[in-house]
Protein chains: 2
Amino acid sequence: MSPEQPSEPTGKSLFSLQRRERLMEELRAHGAITVRDIAAKLGVSELTIRRDVNILADEGLASRVHGGATLPSPLDRSAAGRAAQHSYSIGMVVPSLDYYWPQVISGARAEAEEQNLRILVRGSAYDAADNRRQVQALLDTQNIDGLIVAPDMGGDHGPELIRWLNALPIPVVLAERRAPAEIPAHRLEWVATDHAFGAGMAVRHLWQEGHRRIGCLTDSSSPTSPHVVRGWHQALAALKIPLEGSVHEDSAQQGPASHGNGGRASHFDHVLELCTKTGTTAMLVHSDTQAVAFVQHCVDRGLSVPGDMAIVGYDDEVAYLAEPAISAVRPPKQYVGKVAVQLMAARLAEGRMRPVHRIELNPDLILRESSIGAPRIPAAGVLQDSL
Amino acid sequence: MSPEQPSEPTGKSLFSLQRRERLMEELRAHGAITVRDIAAKLGVSELTIRRDVNILADEGLASRVHGGATLPSPLDRSAAGRAAQHSYSIGMVVPSLDYYWPQVISGARAEAEEQNLRILVRGSAYDAADNRRQVQALLDTQNIDGLIVAPDMGGDHGPELIRWLNALPIPVVLAERRAPAEIPAHRLEWVATDHAFGAGMAVRHLWQEGHRRIGCLTDSSSPTSPHVVRGWHQALAALKIPLEGSVHEDSAQQGPASHGNGGRASHFDHVLELCTKTGTTAMLVHSDTQAVAFVQHCVDRGLSVPGDMAIVGYDDEVAYLAEPAISAVRPPKQYVGKVAVQLMAARLAEGRMRPVHRIELNPDLILRESSIGAPRIPAAGVLQDSL
DNA sequence: TCTAAAACGATCGTATTCGAACATGAGGCA
DNA sequence: TGCCTCATGTTCGAATACGATCGTTTTAGA
C-alpha cells in the first residue's frame, strides 16, 4: 500500500528511534529486511542497523536472522517470554447510557480488563451529528488507539458519517450496526446481533405452538426495527404464511407525544381489532417495554394471554416483569461488547495484514408464559426441524 | 498471510527463518513435504532443506522421514517427551486437497498449534453425499470434539445435509459456507469470505480506472460463483451501470468436457464479440485460472491488456504467473482456517452460553499490471470514496 | 532376498555476515 | 572550556550459512 519512498540517502540523518521505526515499517511491509539493503537505503553503516536489529529483537519486535531480520516468528527460539504488551486506549461512543447499552458496555469492560485495555465511554444522542461530535471529542482530548461506536445510520448525514468513520486514522469497530453494501466502507469492522434471525426464531416458535396467523408490532423509531420486520417477513415466507392478511403495525407512526397513553391504548385497540379480523392469534412485539404494555392491554380487555393472544417480545429488558411473564428474544448484549473489544484488540495487535472481520451474533429465545401451552393446533412434530 | 507469493523460484532468496516458516506452511497445508520438491520450489540445495528439516524435527515441529518430512506424528519415537496432551480433537472435511483449501488448512493448523488442538483433515468430493460419508467416518473412527466442514450446499441433498450437521451432537463450524436463512440451522456457526464484497471492490477499482462498461465471466460450477455475481450486480447498481448491456457469461454452461480447449477458445471469442458489441472494456473473471487463460486469449487475438481489455481475476492462486500479471481479488484463506479454529476453540471452552457467531472476512485486492494504467476516462477524483 | 537408485550426512571450502574493540564526533552540563 | 555520554563508523578475526563431494544408509522393485 505505501508507495515506495524513493530512498533518501541524502536526507538529514534520522534519530535512532526514527530509524528503528523505519525498520519496523519495512518489516511490516515486506516481512523481512536485509541489513545491507536497509543500511544503503538509510545511508548508515551496516553495524548501526545491526545494533538496531538487536534492540528490536530484544524487545520481541523482530526475529534476528543471519543477514537481516524478519517479523517475529514462533520458530525463533530466542523468543522472550511475552507479556509486557503496552496497553491501548479504546474510545466507545454509544447512543444511550440507560437502555440496552449498559450491558454492552459491561461486556466490553470485562473483556478489556482481560486484554489489559482501557475503555473510555461516551454517551451520545441518536443522531449522526452528535455521534460525530462525541467521536471528535474523544479524538481531540484523549489519546485513543481505536474506536468502538454505534452511530446513527439514518437521515441525510448517516452515509456521510460512515464515510468519515471509515476514513479515520485509527481502527473503527461498529457495534450493533452494519455499513450498507453500497457504501464502500472497506475498513470498517462490526459486530451486530442478527435481529432478523431472532425474529424468525420467535415466529417459528409461535408456529410450533400451533399459531397460523402471526402478526408483528414494531417501533420504527428504533434502528433495530427494520431487521425485526425483515426477519418476520422471511420467516412468514419460509412457513408459507401469506404476507397480506398478516397484521403489521408500527407504533411510532402514532405520534408518540401527541396522544400520550390514551393514544397508545387506542392504537392497541386498533391492533386487536385487526387481529380479530384476520384471525391472528400471536404477535411479535418489538421492544419488550411495548410488549409489557400490550400484554397489560390485552388482559385489561379481557383477553387471556397466551390463551387468546400469544405474545413474544423482542428484547429482554423488562419482559419478565409482566404478568404473565413474557417470552422474549434476548440479544447477546454482553457478547456484543465483548466481541467488539476482541476485534479491536486483535486489530491493534495484528495491524493491516489482518482481514476485515464482520461478525453477526445470534440472539436467544427465552420462553416464558406468554407464548406457551395454549396451542391452537396440536403441534405434533409438524415441523421437527424448526427450532 | 504470508506476503510472499505461493511459489516464486525467481524471487529473492529467503532467510533461513523464513524458509523454515515456509516449510511449516507447506507441512500444515499438505501434511508432508519432500526435500526435492521444496528445494526446487525455493531454489536452494537439497542439503539446505535437510538441515532445516533437522532443525524443525529437533524442535518437535516435524517428523523426519526418508525423502522429506511430515507433521509430527505420535509414531515418531524420537519425539522428545512431549508435554501438554492435545486437549481436543477437531475434524475438518474440505472439498479439495490441492486447490484453495491447502491454505485454509494451513491457517487452521497454525492456529490449532497455538491453541493446543489436534486437527484431522479429510478430503471429500464436491458432493453432499460424500461430505456426509466423510464426516460420518470421522465421527465413527476418531474421537472428534468438534467439526469444521465445507459442505456442498447445492443439489437436492444440500438442505438435508445442513439439517443433519445442525443436529450433530458436537459443535460444527462451516468454512466458506453459510446456511441459507430459510433453513433454521440455529446451532451452526460459520466463517466465510465475503466474495460479494470482493467482487464489488474489483468493479469499483475498474470504474476508478475509467472503465464504464464492466463485464463478468464466471464459472457457475463453483460454489463461489453466485456470490461473485451478486457482488458484481450490487456494484453495478451502486455505480448506476445498467445491467442490460453488461456482459455476463458463464463458462460452465459450455459443457466443459464436450468441447475441450477448442470449446473454451470459441467461448472466449464469443465473449470478446459481446464486449465489442456492448463497448465493454473491462472484465471480472472468476477463478484466476480462467483469468490467465482469458488474458492469454486476448493477447493471442491481438488485444492489448490492459489497453484494450482490463482484467481482474477473482481468486489469487496463479494470477501473478500470467503475462501481463493479473490483478486479482485474494480471499484471506489462511484466516478462514484460523478463525474457524478460533470459533471452535471458543465454543469448546465456553459451551452453550456463548451465542452463535457468524463471521465474514473481506478479501484483498492485489493490483498488478492487467488492470492499471490504461484509463478510458481520466478518473480525476470522480469517486473519491470508492476504494 | 538381492540390487540399483535414491536419500542422507560428514567433511571441507567459500562467501558472507557478525560483533568486539577502538576511534570519531556531536551534543549536554558544570 | 573541558569532560562526559551517547550514537555512530572502521577494522579485523570469528562465526555462520550454504553448497559440493563422496562414502554410507535406506528404500523400492524384481
Side-chain angles (χ1 to χ4, degrees), chain A residues 7-24 26-27 30-73 75-80, chain B residues 4 7-24 26-27 30-73 75-79:
Chain A
S7 60
E8 47 205 326
T10 55
K12 58 186 64 178
S13 65
L14 303 169
F15 293 115
S16 59
L17 209 83
Q18 298 176 285
R19 207 176 43 235
R20 288 197 284 274
E21 199 58 49
R22 193 62 204 284
L23 290 201
M24 288 309 295
E26 295 282 335
L27 265 179
H30 302 113
I33 53 178
T34 70
V35 169
R36 198 212 306 256
D37 290 354
I38 294 296
K41 190 176 276 187
L42 299 188
V44 297
S45 85
E46 299 191 2
L47 181 57
T48 302
I49 300 300
R50 271 188 216 111
R51 282 197 267 243
D52 288 335
V53 166
N54 284 342
I55 291 169
L56 293 176
D58 282 346
E59 296 178 18
L61 297 169
S63 287
R64 296 190 42 194
V65 292
H66 201 87
T70 71
L71 287 175
S73 155
L75 301 181
D76 181 5
R77 71 189 77 155
S78 73
Chain B
E4 298 302 324
S7 68
E8 212 162 0
T10 58
K12 53 191 67 175
S13 65
L14 303 171
F15 292 120
S16 57
L17 204 94
Q18 297 178 288
R19 214 176 35 233
R20 289 197 284 275
E21 242 167 317
R22 269 302 292 280
L23 290 201
M24 287 308 295
E26 296 282 337
L27 264 179
H30 299 111
I33 53 177
T34 70
V35 169
R36 196 214 300 257
D37 290 354
I38 296 295
K41 193 177 273 188
L42 300 188
V44 297
S45 84
E46 300 190 4
L47 179 56
T48 302
I49 299 300
R50 275 191 211 106
R51 281 196 268 243
D52 288 334
V53 167
N54 286 343
I55 292 170
L56 293 176
D58 283 347
E59 296 182 17
L61 296 169
S63 287
R64 299 188 39 196
V65 293
H66 198 84
T70 71
L71 286 174
S73 151
L75 302 179
D76 181 4
R77 71 191 58 115
S78 73

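Quick note: numbers below take in every heavy atom, side chains included, and nothing from hydrogens, waters or symmetry partners. Worth saying up front: this structure is predicted, and the values here are computed from it rather than measured. Every chain is numbered from 1, with letters handed out A, B, ... down the list of sequences.
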> Describe the nucleic acid contact of A:Val53 in one word from base, sugar-phosphate, nothing, applying a heavy-atom distance below 4.0 Å.
nothing
> Hey, where on DNA chain C does chain B first and last touch, going 5' to 3'? Cut-off is any atom under 4.0 Å from a heavy atom.
C:dA6 to C:dG9
> Could you pull out the closest heavy-atom pair between B:Gly68 and B:Val53, with the gap in Å?
O-CG1, 4.3 Å
> Looking at CG of B:Leu17 and OG1 of A:Thr70, how far apart are the two atoms once the value is rounded to the nearest 0.5 Å?
4.5 Å
> Would you compute the distance between atom CG of A:Asn54 and atom CD1 of A:Ile49 and round it to the nearest 0.5 angstrom?
11.5 Å
> How long is the straight-line distance from CD of A:Glu26 back to CD1 of A:Ile33, given to the nearest 0.5 Å?
7.5 Å
> Quick one: OG on A:Ser63 to CD on B:Gln18, what's the gap to the nearest 0.5 Å?
10.0 Å
> Over all heavy atoms of both residues, which pair between B:Ala62 and B:Pro72 is shortest? Give the atoms and the distance, please.
CA-CD, 3.9 Å
> Whole-Å distance between D:dT27 C1' and B:Arg36 CZ?
13 Å
> Out of curiosity, A:Leu56 CG to A:Glu21 CD, how far, rounded to the nearest 0.5 Å?
9.0 Å
> Which letters describe nucleotides 10-18 of chain D, given B = protein heavy atom under 4.0 Å from base, S = only from sugar-phosphate, - = neither?
B-----SSB
> Could you walk me through whether A:Arg20 and A:Met24 satisfy the side chain to side chain contact (heavy atoms under 4.5 Å, CB included) test, starting with their C-alpha distance in whole Å, then the side-chain angles of each, then the deciding distance to 0.1 Å, before giving a yes or no?
CA-CA 6 Å; A:Arg20 288 197 284 274; A:Met24 288 309 295; 5.8 Å; no
> With axes from five pairs an end, tell me the bend angle of the helix from C:dT1-D:dA30 to C:dA30-D:dT1, nearest 10°.
40°
> Between NZ of A:Lys41 and OG1 of A:Thr34, what distance do you get to the nearest 0.5 Å?
9.0 Å
